[in-house]
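What's counted below: heavy atoms across the whole structure, side chains too, no hydrogens, waters or symmetry copies. For reference, positions follow the sequence shown, starting with 1.
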Amino acid sequence: MSAPVSELHACLEEEIRLTGEFLAVLQDEAKVLEDGAAEAALAETTARKNTLAEALAAAAERRNAALAALGFEADGAGLQAAAQAHSSLAAPRRQLLEAAEQARNQNEANGRIIEVFLDHNQRTLEVLRRLTGTGEIYDASGRKRAPTKGSSRNIKAG
């Protein structure tokens, strides 16, 4: 195996390892979500995901540089062509694609759970706003809205 092909092989192995770690964090996140989404636990998994996402981006840059050194284009098309030209890259390419697919599926599943939480929270806020007679306090960009006419009704205890 030539040095440039060995370099690309090493890049793929690193991406496979990092993607596996990313998948493990996503699985941890799923457990946190199933257990009620404790804020501290979600913050911890988010921090770990962000760190790994940065490492994966850096690894992808190194892989694309290795592909360029071999005369291939970046990302999927170049990796496919490199694996066809150098059989030693076929297995790690396949492993990387499988790991990335698993991580994508887990991330989408977590996203669906988070959407349910957000929807539930939004409905709860709407009920509270109706009960207190207040309208939207903040607009979609997070800026405080001016009160609208009739938005400060008082609720009488009865």
Side-chain angles (χ1 to χ4, degrees), residues 8-68 72-84 88-148 150-153 155:
L8 180 54
H9 193 277
C11 290
L12 293 173
E13 293 294 331
E14 178 185 15
E15 279 188 281
I16 292 165
R17 179 186 61 77
L18 289 169
T19 303
E21 289 178 25
F22 192 77
L23 176 60
V25 172
L26 290 169
Q27 291 166 337
D28 290 347
E29 179 182 61
K31 178 86 171 97
V32 168
L33 292 168
E34 289 170 12
D35 292 344
E39 185 178 344
L42 275 178
E44 189 268 334
T45 57
T46 298
R48 288 171 47 209
K49 280 191 331 184
N50 290 341
T51 298
L52 284 166
E54 289 173 10
L56 280 164
E61 285 181 26
R62 287 189 296 279
R63 175 193 12 98
N64 286 334
L67 283 167
F72 297 104
E73 56 184 285
D75 297 321
L79 189 54
Q80 181 177 5
Q84 289 171 343
S88 62
L89 300 173
R93 174 188 172 266
R94 185 178 57 255
Q95 290 172 331
L96 178 58
L97 293 176
E98 289 170 0
E101 179 69 12
Q102 287 179 315
R104 185 186 63 77
N105 289 338
Q106 185 66 59
N107 194 50
E108 287 177 356
N110 291 0
R112 286 189 296 274
I113 294 169
I114 290 168
E115 284 178 20
V116 169
F117 279 127
L118 290 173
D119 184 57
H120 174 76
N121 286 343
Q122 190 62 38
R123 282 188 271 134
T124 301
L125 285 171
E126 285 301 318
V127 168
L128 292 172
R129 285 184 188 113
R130 282 189 301 237
L131 287 173
T132 61
T134 59
E136 294 286 329
I137 298 171
Y138 298 97
D139 65 17
S141 65
R143 293 187 185 112
K144 191 170 184 176
R145 283 188 184 185
T148 58
S151 67
S152 58
R153 291 177 291 160
I155 297 177

Heavy atoms of Q95 and E13 approach each other most closely as OE1-OE2, 4.4 Å
Closest heavy-atom contact between L56 and E15? CD2-O, 4.0 Å
When you compare the side chain of L42 with that of L33, does any pair of heavy atoms fall below 4.5 Å? yes
Test side chain to side chain contact (heavy atoms under 4.5 Å, CB included) applied to A66 - qualifying residues, sequence neighbours left out: E7, L8, C11
Contacts of type side chain to side chain contact (heavy atoms under 4.5 Å, CB included), residue E21, not counting sequence neighbours: R17, L18, L52
List for me each residue that meets side chain to side chain contact (heavy atoms under 4.5 Å, CB included) alongside E101, sequence neighbours excluded, and say none if there are none. R104, N105
Between the CD1 atom in I114 and the CZ atom in R112, the distance rounded to the nearest 0.5 Å is 11.5 Å
Within a radius of less than 6.0 Å around CD of E39, do more than 12 heavy atoms belonging to other residues, nucleotides or ligands occur? no
Please report the interatomic distance CD(Q122) to CD(E115), rounded to the nearest 0.5 Å. 13.0 Å
Return the set of residues passing salt bridge (charged side-chain N to carboxylate O under 4.0 Å, His left out) with R123 (not counting sequence neighbours), or none when no residue passes. D119
Is the shortest side-chain N to carboxylate O distance from R129 to E126 below 4.0 Å? yes
How far apart are the closest heavy atoms of G78 and L67, and which atoms are they? O-CD2, 3.6 Å
Taking every heavy atom of A103 against every heavy atom of T19, the minimum-distance pair comes out as CB-CG2, 4.3 Å
Rounded to the nearest 0.5 Å, how far does CZ of R94 lie from CG of L79? 12.0 Å
List the atom pairs, with distances to 0.1 Å, where a side-chain N or O of residues 22-31 and a protein N or O form a donor-acceptor pair under 3.5 Å, not counting sequence neighbours.
{"unit_1": "D28", "atom_1": "OD2", "unit_2": "R48", "atom_2": "NH1", "d": "3.2"}
{"unit_1": "D28", "atom_1": "OD2", "unit_2": "R48", "atom_2": "NH2", "d": "2.8"}
{"unit_1": "E29", "atom_1": "OE1", "unit_2": "K49", "atom_2": "NZ", "d": "3.4"}
{"unit_1": "E29", "atom_1": "OE1", "unit_2": "N110", "atom_2": "ND2", "d": "2.6"}
{"unit_1": "E29", "atom_1": "OE2", "unit_2": "K49", "atom_2": "NZ", "d": "2.8"}
{"unit_1": "K31", "atom_1": "NZ", "unit_2": "D35", "atom_2": "OD1", "d": "3.3"}
{"unit_1": "K31", "atom_1": "NZ", "unit_2": "D35", "atom_2": "OD2", "d": "3.1"}

Applying side chain to side chain contact (heavy atoms under 4.5 Å, CB included), can you list everything that pairs with N50, at least two apart in sequence or on another chain? T46
Any Q84 side-chain heavy atom under 4.5 Å of L89 side chain: no
